[in-house]
Amino acid sequence: MAKQKYDYGMIGLGTMGRNLVFNINNQGFSVAGFDKDMSQVELLTKEAEYRTISANHQLNEFVNSLKLPRVIMLMVPAGEIVDEVIHELLPLLAKNDLLIDCGNSHFTDTNARYDQLAKSAIHFMGVGISGGESGARHGPSIMPGGSKGDYERIAPMLKSISAKVQEEPCVTWLGPGSAGHYVKMVHNGIEYGLMQLISEAYHLLKKAGGKNNDELHAIFSKWNEGILQSYLLEITADIFIQKDELTSNRLIDMILDRAHQNGTGGWTSQDAMCLQVPIPVIDCAVSVRDLSANKDTRRAVQQQLNDPKLKMHAPEFKLNAPESKFSVKTNELTQQLEQALYFSMIITYAQGMALLYAASKNYKYDLKLERIAGIWRGGCIIRSGLLDDIRSAFSNQQDMANLLMDNELSKKLITAQNGMRKVIQSGVEAGIPIPAMMNSLAYFDSYRCGWLPANLVQAQRDYFGAHTYERTDEDGKFHTHWSQRKT
Ligand code: 6PG
């Protein structure tokens, strides 16, 4: 009897890969899995039970067990490992086989692999997948890039495994080449920004507002039922009531205040800098993670800045109490913070979308921002009620360089700015760092102001470097011999 041939192959049977295998299989497809690590192969074999799932650690056996033309998904760590897997696979593949990189690969790597594989008639797609372990198993948001024809080959499977919002699958073809991985990168940049903003609200409520974990749970749960409804708020509320298994404390109080990263947030900032698109909330979130990670320097600087001997230089500040309690009532603070978070979350999405707008033109992705907002409404880490408004904004105006141009969203920002301004005043007064919130207000104000002091920067550049400047009353470039025109 001929051996079973499988519809799809999955390379990399870690948490994400294994859960995707079950998700695909639950939709009626047979799946063969491969991993070099025997323990992952054994785990899948054990969990697969009666299902049409196989697990292998012999690459040629795995490849031969797939239906032709093959469709092989890669769920391995981004970077060199992806190239190594492709290198080992290539001699075993046949014309028209399709490789799909589902990891968080850098978009420039995806472009290079796309070109490399095109030479050998192997099709390649870069597909971003968001939603963590539970999303992979029960419905992620999927961001595919590559050729439209290749997408059509796998669209029925991707649609069936994706999250659904009002029956709409959270997947759509995004654009050619690395478009999918680019969109996933920006998704993660927004994720960094939102997480930082939520952490700042936590800092204020805990240290200045004096809220305990039960109160924090109640506040975040309530917020999650209103304008701030989002996956990240939901899990934040849950986090505060998780008990620690090793002590009698809450787990959150036992976790070190040092955050790591796999790099996608930093990549977003790097590319935004290259394209000259300002995304300061995301940049700030990346910097603050870096600042938090260096605990040794933080300890040394903290000691220095709180040195009692230095106190006499600023008797008006309580150097030994870096975080003082608020002078405002905490229920007032909670209401202001809800507005502030809403305000700064809109700004963070706006910055991510502005980057996608510019990248789309620069890299010729022809992205449809309305569709991207649509597929982010379910399954992914940044899903939130706000994405309905963002989708509507782009459906009203397809070609919108910045969400702040939208009537409805700008109205919401104008209304919420009061809370934002009050929270920033309180944060400054209490000595609590809220840099992402501050950045979001500065971004709003920079666009709101009709005039920015960039004329002075132009004058300085021209003064010291003869870089020229533009005038308000005449076109062209001008240079002045500044030192000769003093007084
Ligand atoms: C997702 C997440 C996922 C992963 C991040 C974490 O969309 O499911 O974004 O991709 O959790 O890569 O990123 P950091 O390790 O950089 O925080």
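The figures here come from the full heavy-atom set of this structure, side chains too, leaving out hydrogens, waters and symmetry mates. Atoms within a ligand are numbered from 1 in the order they appear, just like the ligands themselves.
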Looking only at side chains, do Thr264 and Asn104 share a donor and an acceptor under 3.5 Å apart? no

Thr52 and Asn25 side chains, donor-acceptor separation under 3.5 Å: yes

Test side chain to side chain contact (heavy atoms under 4.5 Å, CB included) on Tyr357 and Val277 and set out the steps. CA-CA 10 Å; Tyr357 180 87; Val277 180; over 6 Å; no

Pick one: which of Ile142, Ile24, Thr172 meets side chain to side chain contact (heavy atoms under 4.5 Å, CB included) with Leu158? Ile142

As a test of reading the model: which N/O atoms of the protein lie under 3.5 Å from N/O atoms of ligand 1, and at what distance?
| from | atom 1 | to | atom 2 | distance (Å) |
| --- | --- | --- | --- | --- |
| ligand 1 | 7 (O) | Ser130 | OG | 2.5 |
| ligand 1 | 7 (O) | Lys184 | NZ | 3.2 |
| ligand 1 | 8 (O) | Ser130 | OG | 3.4 |
| ligand 1 | 8 (O) | Gly131 | N | 3.0 |
| ligand 1 | 8 (O) | Gly132 | N | 3.3 |
| ligand 1 | 9 (O) | Asn188 | OD1 | 3.1 |
| ligand 1 | 9 (O) | Asn188 | ND2 | 3.2 |
| ligand 1 | 9 (O) | Glu191 | OE1 | 2.6 |
| ligand 1 | 9 (O) | Glu191 | OE2 | 3.2 |
| ligand 1 | 10 (O) | Asn104 | ND2 | 2.9 |
| ligand 1 | 10 (O) | Lys184 | NZ | 2.8 |
| ligand 1 | 12 (O) | Asn104 | ND2 | 3.1 |
| ligand 1 | 12 (O) | Asn188 | ND2 | 3.3 |
| ligand 1 | 15 (O) | Asn262 | N | 3.1 |
| ligand 1 | 15 (O) | Asn262 | ND2 | 3.1 |
| ligand 1 | 16 (O) | Tyr192 | OH | 2.4 |
| ligand 1 | 16 (O) | Asn262 | N | 2.7 |
| ligand 1 | 17 (O) | Arg289 | NH1 | 2.7 |

Looking only at heavy atoms, what is the nearest atom pair of Leu174 and Ile375, with distance? CD2-CD1, 4.2 Å

Could you name each residue pair satisfying ring pair (Phe, Tyr, Trp, His ring centres under 6.0 Å) that touches residues 225-246, not counting sequence neighbours? Tyr202-Phe240, Phe220-Phe240

